[in-house]
Each structure stands twice: as C-alpha cells, then as structure tokens.
Amino acid sequence: MSDSEERATTDLPGEADAVVLDAKGLRALAHPVRVQLVGVLRKHGPSTATRLAERLGVNSGTASYHLRQLGAAGFVEEDAERGNGRERWWRSVHQTTWFNDPDLAVREPEAAMAYLRSVAATYNLRTQRALNELQTMPRSWRDTFDMSDWPLRLTPEEAVALQEELRAVISRYRPDVPEEAAKAPEGAQRVSVITHLLPELDAPGASTAASAPETEKGPERS
C-alpha cells in the first residue's frame, strides 16, 4: 500500500524514497491521526505541531504526542534547519509507505486492520475536502472531478493483472514530488488518484446470474 501518503498492496514497485512497513512500523501507523500527520508532512512539507494540529482539527498536545511516536518509529524527524528554541519543526523521512507483505497482515491482524481503516478514513476525508471545495474551483478543474464505480467479475489472477496495468498507466504521469513540481508546466496542480480494488465475494451457493450488469460509467457515480 502507499499513497504519496499511504498505499496498501497497490503501491508502485521500485519507487525511491519509500518505506516498507515491518511489524513495528505497522503498529506505529495504526492510528488515524498518525496516518494523517505523515500525509500532511509529505504533501505540504515541514511544519510544527501547532500548525499541524490546526490543519487536522486536534489540539497541539495530541499532535506533539503522535509526532514523537512517529519519530521513534522512523517516519518523521526534526527539521534542525528550521527549528529554534521556541518551535520544533518536523519533516517526513519518506514520501511513500508500502504495505505489501501478506504474511505481516497475518502475524499482526489487529494492527493491519487498524492501519487499513486509518488509511480508508484518510482517503474519505480527502474526498470530502475536494467535494467541499468543488464549487469554488475553476471550471477547468471542476470538470476533471470524477467518482466512478466499475463492477467487474474477475479471478484473483485477473485482479492482480488489473492492478499492474493501473500502476503502469499512473507511472506515465508526473509524480507530485518537489523535483518534478519545479519542472511542471504552467497550470499544473496537485491531483490525487485514489484507487480501490475491493473483493466482494459471493455468498456460498449464490448464482452468478443474479449479478445484473450495471449501466456504463457516467460523470460521477457512487
């Protein structure tokens, strides 16, 4: 998994500046506030606990506590160049997090589920934020907004192949990292592509004929 904030088993392989979760890291990120803190630092750069708390809607003491826990686990570190005697600045150590070890999920089921739920909640918050800002966006950007549901019937092997094809498509586009942002053409803005591949297994004995095809994709579908 990874997102230039968090992803699960859909991470793009071979990305530089990424961390692969081990048991310690998985437990450290099994909290929604920590997932959000790492994501904000990766997206917006170094910040203080006070500013991060304002952005996330928590108190500064809570933000400071979780930043220290993230620091102990190696996800964030102090930005000595910015800090002073009154303010403590933090920055992200990595740009992406990968969670692609099925055995780890089996060994740490509670931490794995807590992490995945935190990531899902973070994605939901980002979607809601985009919706809240949609009407005030320039028309050219408002017309790019899309939420679509594509029901498919696949084997596990086909589902893996679909993931790989999606990764290949996304990798052709400019990533949102500082070195690429500096070279981006005029008018380029941050765009988040959030993918979900959700197995929805039939109940035992259910007839596949009961699954009627849905209508084709529209501008927005849930």
Side-chain angles (χ1 to χ4, degrees), residues 1-43 56 65-77 90-127 149-173 175-177 192-206 208 211:
M1 204 172 294
S2 116
D3 136 304
S4 37
E5 280 112 89
E6 307 299 323
R7 287 176 218 153
T9 50
T10 57
D11 295 66
L12 302 175
E15 286 188 24
D17 200 18
V19 57
V20 178
L21 289 183
D22 57 12
K24 177 182 177 182
L26 181 62
R27 290 192 293 269
L29 282 180
H31 193 290
V33 171
R34 295 180 193 172
V35 171
Q36 292 177 60
L37 284 169
V38 171
V40 170
L41 289 172
R42 289 174 177 175
K43 182 180 289 186
L56 299 185
Y65 168 76
H66 287 300
L67 284 166
R68 291 195 299 271
Q69 298 304 307
L70 289 168
F75 290 100
V76 303
E77 63 186 6
W90 298 88
R91 63 187 175 195
S92 176
V93 176
H94 315 94
Q95 277 301 111
T96 57
T97 302
W98 292 5
F99 178 31
N100 52 9
D101 182 353
D103 292 334
L104 176 58
V106 172
R107 295 195 305 272
E108 299 281 348
E110 293 184 8
M113 290 306 300
Y115 172 69
L116 292 174
R117 288 192 175 101
S118 296
V119 173
T122 300
Y123 289 164
N124 183 60
L125 286 172
R126 293 168 64 188
T127 302
D149 175 22
W150 303 88
L152 305 172
R153 185 162 289 273
L154 307 176
T155 65
E157 294 77 15
E158 289 171 329
V160 170
L162 174 59
Q163 290 181 32
E164 293 174 349
E165 290 181 42
L166 290 172
R167 295 171 191 169
V169 170
I170 293 169
S171 67
R172 296 203 302 263
Y173 289 83
D176 183 32
V177 293
S192 290
V193 179
I194 299 174
T195 66
H196 298 313
L197 201 156
L198 307 175
E200 299 178 354
L201 306 189
D202 293 328
T208 58
S211 301

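At least one side-chain heavy atom of Thr97 sits less than 4.5 Å from a side-chain heavy atom of Leu29. For the pair Val76/Arg91, no side-chain contact is recorded, criterion being any heavy-atom separation below 4.5 Å from C-beta on. Two residues are said to be in side-chain contact when any heavy atoms from C-beta on lie closer than 4.5 Å; Leu67 and Leu41 meet this criterion. Side-chain contact check for Asp17 versus Thr96: every heavy-atom pair is 4.5 Å or farther apart. Using a 4.5 Å heavy-atom cutoff, the side chains of Arg34 and Tyr65 are in contact. Using a 4.5 Å heavy-atom threshold, the side chains of Leu21 and Asn100 count as separate. Counting heavy atoms from C-beta outward, Tyr115 and Val35 have side chains that approach closer than 4.5 Å.
Here the closest non-hydrogen pair linking Ala28 and Phe75 is CB-CE1, 4.1 Å. Across all their heavy atoms, Leu154 and Ala159 have their closest contact at CD1-CA, 4.0 Å. When all heavy atoms of Gly25 and Asp22 are compared, the pair lying nearest together is N-OD1, 2.8 Å. The shortest non-hydrogen separation linking Lys43 to Ser192 is NZ-OG, 4.4 Å. For the residue pair Pro32 and Thr122, the shortest heavy atom distance occurs at O-OG1, 4.5 Å. Minimum heavy-atom separation, Ala114 to Ala30: CB-CB, 3.7 Å.
By the 30° and 60° cut-offs, the orientation of the rings of His31 relative to His66 is tilted. Using the six-membered ring where Trp is involved, His196 and Tyr123 have ring planes that are tilted, between 30° and 60° apart.
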Discussion item. For a side-chain contact (heavy atoms from CB on, under 4.5 Å) check, start with the C-alpha distance between Val93 and Val19, then their side-chain angles and the critical distance, and finish with the verdict.
Written reply: CA-CA 9 Å; Val93 176; Val19 57; over 6 Å; no
Item to complete: Check step by step if side-chain contact (heavy atoms from CB on, under 4.5 Å) holds for Leu104 and Phe99.
Response: CA-CA 9 Å; Leu104 176 58; Phe99 178 31; 4.0 Å; yes
Discussion item. Show, in sequence, the C-alpha distance, side-chain angles and deciding distance for Asp202 and Arg153, and conclude whether the salt bridge (charged side-chain N to carboxylate O under 4.0 Å, His left out) test is met.
Written reply: CA-CA 11 Å; Asp202 293 328; Arg153 185 162 289 273; 2.9 Å; yes
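Remark: the backbone N or O of Ser92 is not paired with any side-chain donor or acceptor of Arg42 at under 3.5 angstrom. Side-chain N or O atoms of Glu165 include none that pairs as donor or acceptor with a backbone N or O of Leu162 at under 3.5 Å.
One finds the CD1 atom of Ile194 at 4.5 Å from the CZ atom of Arg126 (value rounded to the nearest 0.5 Å). A distance of 12.5 Å separates CZ of Arg27 from CD of Gln69, quoted to the nearest 0.5 Å. Expressed to the nearest 0.5 Å, how far CD of Glu108 lies from CG of Asp101 amounts to 11.0 Å. Atoms CG and CG, from Leu116 and Leu26 in turn, are 8.0 Å apart once rounded to the nearest 0.5 Å.
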